[in-house]
Amino acid sequence: MFSLDSPRASQQARALVSQQGRNLHRVLLFGLAALGIAGALTAQTSGSSTSPPGQPTFEQLSADADSARRSGNLARASELYAQAVQINPAWPDGWWYLGQLRYGANDYAPAADAFTRYLGLVPNAAPATALRGLCEFELGEDEPSLRDLQRALSLGAAYDSRNRQILRYHEGLLLTKLGRFEEALTAYRYFAREHISNDELLLAVGLAALRIPQFPKDADPSQRDRIALAGNATFLLLSGDNPSASQAFQSFFQRYPSSANAHYTWGYLLYPTDQDAAIAEFQRELAIDPNNAIDHTMLAWALLMDSSPAEALPEAKKAAEEAPTLPMAQLSLGRALLETGDVNSATALLEKALALDPGNLEIHIALARAYSESGREDDARRERHACLRLTQPTSKPAPAMGQQGAQTAQ
Amino acid sequence: MLAVAASAAIAAAQTPSASDSSCAGCHRGQARQPETPMAHALELPGANPVLAAHSTLTFHNGAYTWTVETHNNQSVYKVTDGTSTLSVPIHWSFGAQAQTWVFEQDGKFYESIVSFYPSAGNLGITTGDEQLTPQTLQEAMGRELTPMDVKLCFGCHSSDAVASHKLTLGTLHPGVTCAHCHQGALDHASDAAAGDFSTAPPRLQDLTSESLSNFCGQCHRSWETVVRNRWRGVFDVRFQPYRLANSRCFNGTDPRIGCIACHDPHKDLIRNEASYDSKCLACHAPSARPTSTGKARTCPTATSKCVSCHMPKISLPGNYLRFTDHQIRVVHPGQPFPN
């Protein structure tokens, strides 16, 4: 099993990605050749390979670099590739191997730069995007890293099970660190379904479950047991083993009765199949932390979906007060107002929420209804069309309820 | 053998609603609602004309054979793989015409994999389960329902089955009764008997077309429910509020396009196509009042049986059911199902 914190396993993970990356790279080059673009690249390569008299030519450097790499002299290969791409910056293979070699030497900033240059030449290369994301991860550039890893996933970098593990795990870590806990749980669901687990993964899941925006290596040692227990219970629930999860959560609550956010997460994960149980958990969370904005939001939402807008309204008001920039809180309040008859206030709030999170399906749905209720049929139709576009089979999945921030927009 | 038994308490509570007869005393125009299919959306043993009329039903698919046998008003649902057989007594029959059964076992609920279809006069795969390939006899018997599914099933097909967000089968009345839609109807009935009419439930006919679409859509599936669940494809034709809201002529504040503009839920569905002409012509006649977006166009082809062209009947693939498409539109030959 890979591990972010274990150098040995981390190297293994990198090696897996690198190996896979080479394979994909070959596939990619083959594809380009088939399209007749390889010839153009070669021509570009040949045309820009001049070097000053007395200096090695690009052809010599590239041949020597390949030879050094094949013979295992990686430091020399790295040096030669760097020289070769200086002479010919349009040589994709040079940047690719340079990136890999720098990455393998834990030299992440130059590695990321090499992959950036490579991606400038081959924009949709999944392996290079993934590796740049992993470089950025090591450099602490969380948002660019997440962006690259998710793009790599969407480009197909995770078709291999081992790569999928590496990418999903890092995605989960980053989403947690960035406070996008529900999305992190979705990333970790892959491991639960595949029954892939170890202590560190459970700790990572626990951090997302308890909404602690940290990497496992940064977790407070005195809190590790609590976090890991929450992670284990959540992992069981993600795997679909509800009876064991229920038992694990009960044990957790016996030991840590006032631990914040665990009831919320349990409720959140129960919500798609058991709304009543979810509502009860959201209410238990509020008994621990009456000011938990995301919990008020989800409780309001669950009540709205259960056709209880009058009950939802006070919860939604609290959520919106506590988290004025949380689009879901504004959405819940907007919907609660809409369904209790205050269409004008609802419309204003929903428009504000949409400005915060323009791709949020639920906000478009609510606005379609608000406009329709107030006779603004053209606006209603526009919002309905937006919803239908967002839910086309080829579009991305809808944002999970409770997701925070505009960055979660789908 | 898998045994299922409803408790005596549940059985005792599942008598016809007392509210309907008291409502009919004053609301005579709605007095025949208990005869409608909606009022029979759930049937209990002894009151199930579908099964009473078909004493033996069978269906074979793959490795399994399903049978529903009815004797002395008691029906038993069986599935066999030729070696072993599971059988359960049928207690909850969902649907007044096509019929699907729900079973309870060890606190879990299951929906039958096969259903009765009137047009076939026999059993067929339950709509929506066509892709299921049961691997065990238990799986062939029924699809396990989530707690939310169960609440939705009973919440729509019966009355008083959900209270305070909880499933309360002990208070269930089969089918859609007055109080199912008209909240507070029971209190109103007793208050009205004492001369107090101040507690009458809100008038649903005062709702906007948009609100009404969402109200009826609680069971018939609202536009947003379908969109949220990303249900796409021809099977969506079953969800009339969704289809209607996709119509170009849908207007959330124009009562001429609301559900009850065409349908009276207190009466049987009218199947005579010409009877809906006046509803269409309320907007599409030369003399009709304009809509909020202008004068509605008149049809260059005909002025009668509008729905026969503009609301075509759609057969579900691999299924025995046909539905009227409520996405009102100009239908072009060969055009794919708009969705």
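Below, read A as the first sequence line, B as the second, and so on, with proteins coming before strands; counting in each chain starts at 1.
Taking a cutoff of 4.0 Å between a charged side-chain nitrogen and a carboxylate oxygen, B/Arg248 and A/Glu377 do not qualify as a salt bridge.
Looking at A/Glu339, neither its backbone nor its side chain comes within 4.5 Å of chain B, counting heavy atoms on both sides. Of the two parts of A/Ser308, only the side chain, counted from C-beta on, holds a non-hydrogen atom closer than 4.5 Å to a non-hydrogen atom of chain B. For chain A, the nearby part of B/Asn214 is the side chain; its heavy atoms alone come within less than 4.5 Å.
Of all heavy-atom pairs spanning A/Cys387 and B/Val227, the tightest one is CB-CG1, 3.8 Å. When every heavy atom of B/Thr253 is checked against every heavy atom of A/Ser374, the shortest pair comes out as CG2-C, 4.1 Å. Shortest non-hydrogen contact noted between B/Phe250 and A/Arg381 is O-NH2, 3.6 Å. Taking both residues in full, the closest heavy atoms of A/Ser372 and B/Gly252 are given as OG-CA, 3.2 Å, listed atom of the first, atom of the second, then distance.
Side-chain contact of B/Ser211 with A/Glu373: a donor-acceptor pair under 3.5 Å is present, judged by distance alone. Side-chain atoms of B/Arg232 and A/Thr391 form a donor-acceptor pair, as typed in the model, at a separation below 3.5 Å.
Residues B/Asn246 and A/Leu388 form a side-chain contact, since some pair of their non-hydrogen atoms from C-beta on lies under 4.5 Å apart. Taking 4.5 Å as the limit, some side-chain heavy atom of B/Arg230 sits within range of a side-chain heavy atom of A/Leu361. Within the 4.5 Å cutoff, side-chain heavy atoms of B/Arg228 are placed close to those of A/Met305.
Taking a 6.0 Å sphere around NZ of B/Lys108, one finds it holds 12 or fewer heavy atoms contributed by other residues, nucleotides or ligands. Enclosure of atom CD in B/Gln183 is not indicated, since only 12 or fewer non-hydrogen atoms of other residues, nucleotides or ligands lie within 6.0 angstrom. In B/Glu130, the CD atom is crowded: over 12 heavy atoms of neighbouring residues, nucleotides or ligands sit closer than 6.0 Å.
With rounding to the nearest 0.5 angstrom, the CG atom of B/Leu152 is 8.5 Å from the CG atom of A/Asp306. One distance of note links OG1 of B/Thr146 with CG of A/Leu270; it measures 11.5 Å at 0.5 Å rounding. For the atom pair OG (B/Ser292) and CG (A/Asp378), the distance works out to 7.5 Å, reported to the nearest 0.5 Å. Between the CG atom in A/Asp276 and the NZ atom in B/Lys151 there is a gap of 3.5 Å [rounded to 0.5 Å].
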Going through the checks in order, is the salt bridge (Lys or Arg N to Asp or Glu O under 4.0 Å) test met by A/Arg384 and B/Glu210?
CA-CA 13 Å; A/Arg384 285 194 204 105; B/Glu210 172 66 32; 3.7 Å; yes

